[in-house]
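The block underneath contains the structure these notes are about, expressed in structure tokens.
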Protein chains: 2
Amino acid sequence: MEGPSVATAEITRQSVVPELDLDDLDSVLGLHIGTVNTLFVSRLEKRLDPLSVTPKQVAILWLVNANPGVKQTDLSRFFQIERPTVHQFVRQLIKNGFLINEPSKLDRRAGGLWLTDEGREVLTKSRQAIAEHEEQLTTALTAREKSELFRILMKLYLSAPAKD
Amino acid sequence: MEGPSVATAEITRQSVVPELDLDDLDSVLGLHIGTVNTLFVSRLEKRLDPLSVTPKQVAILWLVNANPGVKQTDLSRFFQIERPTVHQFVRQLIKNGFLINEPSKLDRRAGGLWLTDEGREVLTKSRQAIAEHEEQLTTALTAREKSELFRILMKLYLSAPAKD
DNA sequence: TATTGTTATACTCTATAACTATA
DNA sequence: TATAGTTATAGAGTATAACAATA
């Protein structure tokens with residue numbers, strides 16, 4: 001799996017820039033998470049560009065589609081981002097005609113979000129783009145590595161001590 | 001390890017917001033990488049705030065310290081970010097008195113970067129802050145999970161198809 | 001008082017385009 | 001022509017503070 005029957009070759013970022021002394025910077029987990037995140041986000045942004053949506057906007061469309069009438073507060077809780085941050089995505093999506101905001105009749109503070117026909121079309125195409133993108137970036141991983149990665153990331157996320 | 005001797009409980013993001021239909025959004029790897037990245041970055045930013053540096057600025061200081069006289073181009077290659085992006089961090093670090101830029105005598109196009117005494121102090125304190133931060137966020141992981149995470153992230157990074 | 005949404009503002013990280021100076 | 005650095009500008013994603021409307 002890892003090559004010939006010698007000691008497993010350790011592949012590190014050192015091999016990418018051999019002339020630099022990394023001084024153990026590559027033992028910082030956050031660095032690698034950040035690098036891989038940038039890789040995923042920037043590639044996906046390019047794929048989604050023709051559809052005039054960003055990765056986070058698609059995630060919002062995705063959940064609104066599956067939960068018609070959902071409130072911004074619910075999205076804020078799911079993504080663990082602040083309400084004004086959610087609102088910014090929602091505002092852009094409404095401006096671009098992918099989403100509408102219908103005030104709730106039960107609680108007039110809250111709005112309910114729905115996709116437009118155009119929003120549904122964009123979501124369908126975006127899901128296809130995401131599927132191709134994820135397939136492309138994870139072909140090197142075995143099925144077991146993929147599921148381990150999901151499991152470990154989830155464990156990190158769920159075990160994080162509360163803010164403050 | 002995972003609880004009583006029943007089928008391993010699957011812990012997902014669904015359990016965080018039970019009332020939402022996720023419609024398989026949680027099968028998108030990029031979402032989890034992004035969430036964990038935000039977790040790491042935002043926590044570290046708060047820890048570094050008293051030192052007046054950001055996570056990326058510390059990474060720059062770290063490499064300049066280990067490679068006195070390094071060029072911005074080398075940093076650009078290591079971090080896989082564009083030269084103007086590196087320059088922005090460098091400019092801020094110089095402005096804050098943590099870095100100096102001494103033009104090379106061999107190639108007057110290039111500058112060489114060095115830490116100031118204050119930069120060295122901030123780096124030392126930042127490394128301590130990062131060590132505590134990483135320890136705090138990864139305590140839930142076993143040693144094997146940690147090394148698997150490093151290995152899989154590195155594999156993703158190194159196997160990524162070239163841009164375009 | 002508490003919740004929902006909104007507006008204004010700002011910060012971090014990233015990019016592209018276009019420029020200067022040097023090799 | 002190619003490389004190193006710089007400047008200007010922009011965009012994605014995030015936050016906090018303060019406010020209005022509603023419950």
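Chain letters run A, B, ... following the sequence lines, proteins first, then strands; residues in each count from 1.
Phosphate contact (OP1/OP2 of D:dT6, side-chain N/O of B:N101, threshold under 4.0 Å): present. Residue A:Q92 places no side-chain N or O under 4.0 Å from the OP1 or OP2 atom of D:dG11. Distances shorter than 4.0 Å separate some side-chain N or O of A:H87 from OP1 or OP2 on C:dT6. Proximity of B:K56 to the phosphate of C:dC13: no side-chain N or O atom is located under 4.0 Å from OP1 or OP2. The shortest distance between the side-chain N/O atoms of B:T54 and the OP1/OP2 oxygens of C:dC13 is below 4.0 Å.
At whole-Å resolution of the value, CD in A:E45 and P in D:dA12 are 7 Å apart. Going from atom CG of B:L99 over to atom P of D:dG5 covers 12 Å, rounded to whole Å. If you measure from atom CG of A:L48 to atom C1' of D:dG13, you get 15 Å, rounded to the nearest angstrom. Between B:F89 atom CZ and D:dT7 atom P the separation is 16 Å, expressed in whole Å. Nucleotide C:dT12 holds its C1' atom 18 Å from the CZ atom of B:R43, rounded to whole Å. In this entry the distance linking CG of B:N96 with C1' of C:dT12 reads 14 Å, nearest Å. What separates CG of B:L93 from P of C:dT12 is a distance of 11 Å, to the nearest Å. For the pair A:R91 CZ and C:dT4 C1', the interatomic distance rounds to 16 Å; values are reported in whole Å.
Between the side chain of B:D107 and the backbone N or O of B:R109, at least one donor-acceptor pair lies under 3.5 Å. When atom types are taken as modelled, the side chain of B:N67 and the backbone of A:D21 share a donor-acceptor pair closer than 3.5 angstrom.
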Using atom types as modelled, flag every donor-acceptor pair under 3.5 Å from a side chain in residues 69-78 of chain A to any protein atom, sequence neighbours excluded.
unit_1	atom_1	unit_2	atom_2	d
A:Q72	OE1	A:H87	ND1	3.3
A:D74	OD1	A:R77	NH2	3.3
A:S76	OG	A:I81	O	2.6
A:R77	NH2	B:E19	OE2	2.8

### Message
Please encode protein proximity along nucleotides 15-23 of chain C as a string of B, S and -, counting only heavy-atom distances under 4.0 Å.
### Response
BBB---BBS
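Side chains of A:R13 and A:T35: a donor-acceptor N/O pair is present below 3.5 angstrom, by distance only. Using a 3.5 Å distance cut-off with no hydrogens or angles, the side chains of B:Q128 and B:R47 do not pair a donor with an acceptor.
In this structure, the separation between OG1 on B:T142 and CD1 on A:I152 is 7.5 Å, given to the nearest 0.5 Å.
Taking the six-membered ring for Trp and the full ring otherwise, A:H32 and B:F150 have centroids separated by under 6.0 Å.
Nearest-nucleotide positions on DNA chain C for A:G112 and B:V41 put A:G112 closer to the 5' end.
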